[in-house]
Asker: 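Please see the structure below; I have some questions.
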Number of protein chains: 4
Amino acid sequence: MSDDRRTRGTDRTQAIMRTTLELAQEFGYAKLSIEAVAARAGVGKHTVYRRWPSKGALFLDAVLTSGGPGLDYPDTGDLVADLRQQIRAAVDLLGRPPLGPLYQALVGEAQHDPRIAAALNERFIRPQADRTVARLRKAQQQGQLSAEFDLDLAMAILSGPLYFRLLITQEPLTHEYVERLLNALLAGMAPRP
Amino acid sequence: MSDDRRTRGTDRTQAIMRTTLELAQEFGYAKLSIEAVAARAGVGKHTVYRRWPSKGALFLDAVLTSGGPGLDYPDTGDLVADLRQQIRAAVDLLGRPPLGPLYQALVGEAQHDPRIAAALNERFIRPQADRTVARLRKAQQQGQLSAEFDLDLAMAILSGPLYFRLLITQEPLTHEYVERLLNALLAGMAPRP
Amino acid sequence: MSDDRRTRGTDRTQAIMRTTLELAQEFGYAKLSIEAVAARAGVGKHTVYRRWPSKGALFLDAVLTSGGPGLDYPDTGDLVADLRQQIRAAVDLLGRPPLGPLYQALVGEAQHDPRIAAALNERFIRPQADRTVARLRKAQQQGQLSAEFDLDLAMAILSGPLYFRLLITQEPLTHEYVERLLNALLAGMAPRP
Amino acid sequence: MSDDRRTRGTDRTQAIMRTTLELAQEFGYAKLSIEAVAARAGVGKHTVYRRWPSKGALFLDAVLTSGGPGLDYPDTGDLVADLRQQIRAAVDLLGRPPLGPLYQALVGEAQHDPRIAAALNERFIRPQADRTVARLRKAQQQGQLSAEFDLDLAMAILSGPLYFRLLITQEPLTHEYVERLLNALLAGMAPRP
DNA sequence: TATTAAACGAGACGGTACGTCGCGTCTTGGT
DNA sequence: ACCAAGACGCGACGTACCGTCTCGTTTAATA
């Protein structure tokens with residue numbers, strides 16, 4: 001009847017995921033523990049385990065659920081402008097705090113647990129890729145993109161360097177970097193005749 | 001006295017790293033523990049901790065040390081041929097068993113521990129990048145590469161899509177993929193006039 | 001509709017107690033849990049808690065209810081013969097499987113929970129003692145028993161050594177032991193003049 | 001070097017058993033937990049489990065170790081006087097606080113765990129019985145005891161009624177009760193001729 | 001007959017404790 | 001003097017039950 005009742009009854013799930021993000025932000029994913037999540041969320045450990053099979057699965061859910069509005073593609077007719085805007089949005093969301101370090105940790109966890117990797121792919125990477133490919137296909141049909149370009153490959157080429165920076169060199173992802181990247185990819189590395 | 005003695009005496013370090021790789025291959029990095037390494041290596045835990053501050057650091061050392069001959073760049077004068085060969089070598093070494101999963105786990109660990117990330121960069125990523133950039137610069141001077149191309153960026157563009165496949169979509173890295181990638185990057189995405 | 005239905009409807013109480021004994025016999029009282037009883041009896045936990053406040057209370061009820069015909073005293077006029085027969089009956093019932101181990105566990109539980117001890121006394125020990133004392137009193141009046149003998153004490157003297165065997169040394173209770181015991185108690189330990 | 005060092009180094013065992021008795025006295029054996037013992041003793045749970053396989057085994061050790069000087073038999077030449085004194089001592093030690101309730105709980109636990117029962121017998125009951133039987137044998141040789149009396153049985157007859165009071169009716173064990181018991185057992189229940 | 005209250009199965013829930021594992025530090029005994 | 005062996009305090013794991021608490025669903029007794 002009360003708000004408390006409703007909140008607790010219908011969705012402890014939300015509270016647990018919220019707490020998970022809090023603790024991950026405060027102490028880092030590595031020091032996160034289901035024990036601590038349950039304690040701070042005021043919830044029994046079983047209630048967590050009933051919903052998620054592992055710390056990783058909980059974290060995945062928490063991060064992806066918090067993802068907010070998603071990253072929908074604009075379509076202004078100008079491919080480059082649209083790509084620029086979309087990649088900037090992705091970089092702003094996943095490349096810097098508060099979500100950046102969490103996303104980075106999530107990808108890290110995916111390296112240790114194939115179930116996390118699979119879930120991450122299905123729930124985030126692939127949908128995102130599909131949207132990108134769709135936009136690219138349209139551009140290709142309009143002649144804004146080299147006709148013979150493999151679009152799945154294009155997706156990897158656009159994303160890869162950003163992930164390389166995020167995960168490997170771990171330098172900040174700036175709009176300026178996005179800009180240089182787009183220009184380079186469009187032009188190609190071969191010398192101009 | 002014996003060979004055994006000398007091995008143990010002079011270089012327990014080697015034995016510990018070897019055991020680390022063994023266990024990581026058998027059970028996966030996630031289930032690796034210093035406890036188990038010390039036990040199987042027939043070594044006191046102290047002896048491990050005296051050499052490495054953490055499981056991650058030990059693993060990093062073990063993986064990088066095992067790296068074999070390194071990935072030196074050929075220089076036949078033909079940039080594309082050299083790139084192809086070098087990337088194929090890298091992919092063959094780090095993109096498939098036995099080393100592939102370990103390298104993947106190592107990059108994963110780097111997401112949780114900045115010290116591992118830093119060490120990985122210094123000891124492997126940067127040197128490798130430097131060699132690549134050097135080769136690219138030479139090619140640029142010879143007009144085999146677009147003059148205005150940012151070479152650091154080129155490095156990211158060449159590596160990124162491979163890491164994307166290794167870490168994110170986790171599909172196998174084939175020579176065929178390398179081929180398509182090289183072609184695409186050289187040509188650029190912009191439509192041919 | 002079926003027998004099952006009627007049984008469940010009219011007396012879940014019986015079903016729960018029956019299941020309790022089953023499980024206690026299969027796994028031992030120590031591993032008995034209300035959770036398991038409810039599950040096997042096909043009954044909600046609430047239905048158990050509505051009837052008994054604790055595992056111990058349930059077990060007490062189950063054991064005492066299963067007690068069968070009770071241990072009524074014969075009265076043939078011969079005290080020793082009657083005692084012999086009655087004690088043999090008690091020993092056969094409570095001193096050997098299937099009920100023996102359960103009764104033993106019940107007494108054990110009474111050491112940890114005063115409510116169980118009290119209930120055990122009221123529902124089993126005292127009535128049994130009263131019957132014994134009544135029989136002894138009659139014998140005393142008939143001169144078959146030393147006149148000044150404290151009858152409550154007599155009860156303890158008759159029962160005590162049996163419980164000592166059952167609970168402390170945990171050796172089997174045989175008719176032969178009963179025989180020796182009776183002879184000894186009647187004769188007394190003092191040397192014959 | 002310090003007292004702390006020595007105490008912790010040589011004998012955590014003592015500290016754990018001491019704490020066990022404390023907690024058992026404060027909250028009762030039923031509410032005792034290894035978790036709580038370890039916490040209050042300032043000791044890891046593992047350190048407890050390394051020494052004792054179960055709460056019961058720990059408790060047994062703690063109770064028996066605390067037993068103090070043991071219950072040695074006097075031998076004044078007068079059997080009845082000696083028995084009286086020895087039984088009084090036992091009753092004073094095990095029949096009243098602080099040790100009484102603990103001993104009662106220990107016997108209770110022995111009903112649920114055969115290993116405890118066995119250990120209790122070997123470490124306390126049997127030695128005590130042996131001493132009693134030895135004293136009785138001597139008395140028998142001196143004609144202070146009926147010649148044909150089975151001495152093992154005598155032990156059970158002397159102890160049984162006391163355990164019956166302690167465990168079953170759970171009434172207090174007084175010197176007066178001991179007195180009546182001794183008199184009755186010596187005289188026997190048969191009517192005086 | 002229709003209504004209503006109680007009992008019910010099922011099982012989620014906040015807790016406590018279990019017994020285990022591995023951490024990183026510290027101690028001991030043997031060579 | 002070094003080192004294997006492993007004890008130690010600690011924290012977290014994942015599990016089992018506790019006793020309480022909703023949920024709809026029978027079931028029975030009343031209106």
Side-chain angles (χ1 to χ4, degrees), chain A residues 1 5-6 8-10 12-13 15-16 30-39 41-55, chain B residues 1 5 8-9 12 15-16 30-56, chain C residues 1 5-6 8-13 15-16 31-39 41-55, chain D residues 1 5-6 8-13 15-16 30-39 41-55:
Chain A
M1 208 145 294
R5 172 76 66 85
R6 191 158 7 133
R8 292 167 67 94
T10 56
R12 265 164 264 251
T13 303
I16 294 167
K31 295 191 180 174
L32 190 64
S33 75
I34 290 187
E35 195 111 17
V37 169
V43 138
K45 281 163 63 174
H46 210 56
T47 302
V48 180
Y49 282 109
R50 201 177 288 125
R51 289 166 167 73
W52 297 277
S54 68
K55 163 179 150 178
Chain B
M1 207 158 293
R5 172 68 69 85
R8 292 164 64 99
R12 267 166 262 255
I16 294 168
K31 295 190 180 172
L32 191 66
S33 74
I34 290 187
E35 200 107 17
V37 169
R40 186 184 284 194
V43 139
K45 285 163 62 176
H46 226 57
T47 304
V48 179
Y49 281 109
R50 204 175 289 126
R51 289 164 168 76
W52 297 276
S54 68
K55 160 181 152 178
Chain C
M1 203 159 295
R5 172 73 66 86
R6 187 151 19 124
R8 293 164 64 98
T10 54
D11 223 358
R12 270 165 260 253
T13 304
I16 293 168
K31 295 191 180 172
L32 191 65
S33 75
I34 289 186
E35 200 107 17
V37 169
V43 139
K45 284 163 63 175
H46 225 57
T47 303
V48 180
Y49 281 109
R50 203 176 288 124
R51 289 164 168 75
W52 297 277
S54 69
K55 161 179 152 179
Chain D
M1 208 152 292
R5 172 73 65 85
R6 190 155 12 130
R8 294 165 64 96
T10 55
D11 231 356
R12 267 164 265 252
T13 303
I16 294 168
K31 295 191 179 172
L32 190 66
S33 75
I34 290 187
E35 195 110 19
V37 169
V43 138
K45 282 163 61 174
H46 212 54
T47 302
V48 179
Y49 282 110
R50 203 177 288 125
R51 289 165 166 75
W52 297 278
S54 69
K55 163 180 152 179

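Just so it is clear: chains get the letters A, B, ... in the order the sequence lines come, proteins before strands, and each one is counted from 1. Note that these values count all heavy atoms, side chains included, but never hydrogens, waters or copies made by symmetry.
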Asker: At what distance, to the nearest 0.5 angstrom, does CZ of Arg51(B) lie from NE2 of His46(B)?
Answerer: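 Here the rounded value is 11.5 Å.
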Asker: When the nearest nucleotide of DNA chain E is assigned to His46(D) and to His46(C) on a heavy-atom basis, which residue is associated with the more 5' position?
Answerer: His46(C)
Asker: OP1 or OP2 of dT16(E) versus the side-chain N and O atoms of Ser33(D): is any pair under 4.0 Å?
Answerer: no
Asker: Leu32(A) has an atom CG; how far is it from atom C1' of dC13(F), in whole Å?
Answerer: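 For the pair Leu32(A) CG and dC13(F) C1', the rounded distance is 14 Å.
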Asker: Atom CD1 of Ile16(C) to atom C1' of dG9(E): distance rounded to whole Å?
Answerer: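 Going from CD1 in Ile16(C) over to C1' in dG9(E) covers 12 Å.
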Asker: In this structure, how many angstroms lie between the C1' atom of dA17(E) and the NZ atom of Lys31(C), rounded?
Answerer: 17 Å
Asker: Taking only the side-chain nitrogens and oxygens of Thr47(A), find out if one of them lies under 4.0 Å from OP1 or OP2 of dG14(E).
Answerer: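 For Thr47(A), the contact criterion (side-chain N or O under 4.0 Å from OP1 or OP2 of dG14(E)) is met.
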Asker: Mind calculating the distance between CZ (Arg51(D)) and P (dG6(F)) to the nearest angstrom?
Answerer: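 Going from Arg51(D) (CZ) to dG6(F) (P), I get 15 Å.
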Asker: Do the side chain of Lys45(D) and the base of dG19(E) come within less than 3.5 angstrom through a donor-acceptor pair of N or O atoms?
Answerer: yes
Asker: Give me the atom names and distance for the closest heavy-atom approach of Ala15(C) to Ala41(C).
Answerer: O-CB, 4.5 Å
Asker: Below 4.0 angstrom from OP1 or OP2 of dA7(E), is there any side-chain N or O of Arg12(C)?
Answerer: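 The answer is no; no side-chain N or O of Arg12(C) sits under 4.0 Å from OP1 or OP2.
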Asker: Would you mind telling me which residue lines up with the more 5' stretch of DNA chain F, Ile34(A) or Gly44(D), judged by nearest nucleotide?
Answerer: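 Counting from the 5' end, the first nearest nucleotide belongs to Gly44(D).
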Asker: With the side chain of Tyr49(A) defined as its heavy atoms from C-beta on, choose the nearest nucleotide among dA12(F), dC8(F), dT15(F).
Answerer: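 Nearest to the side-chain atoms of Tyr49(A), counting from C-beta on, is dT15(F).
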Asker: If you compare all heavy atoms of Ile34(B) against all heavy atoms of Lys55(B), which two are closest, and at what distance to 0.1 Å?
Answerer: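 Scanning both residues, the minimum pair turns out to be CD1-N, 3.7 Å.
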Asker: Looking at Arg50(C), I'd like to know whether one of its side-chain N or O atoms comes within less than 4.0 Å of OP1 or OP2 on dA7(E).
Answerer: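 False: Arg50(C) side-chain N/O out of range (4.0 Å or more) of dA7(E) OP1/OP2.
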Asker: Apply the test side chain to side chain donor-acceptor pair (under 3.5 Å) to residues Thr47(A) and Arg12(A): give CA-CA distance (whole Å), side-chain angles for both, the deciding distance (0.1 Å), then the verdict.
Answerer: CA-CA 8 Å; Thr47(A) 302; Arg12(A) 265 164 264 251; 6.0 Å; no
Asker: Expressed as a whole number of angstroms, how long is the span from Glu35(C):CD to dC17(F):P?
Answerer: 7 Å
Asker: Remember a base hit wins even if backbone is also touched, and classify Lys55(B) as base, sugar-phosphate or nothing at under 4.0 Å, heavy atoms.
Answerer: nothing
Asker: Starting from C1' on dC17(F), measure out to CH2 on Trp52(C) and report it in whole angstrom.
Answerer: 18 Å
Asker: Rounded to the nearest 0.5 Å, how far apart are NZ of Lys45(C) and CZ of Arg50(C)?
Answerer: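 Reported to 0.5 Å precision, the distance equals 13.5 Å.
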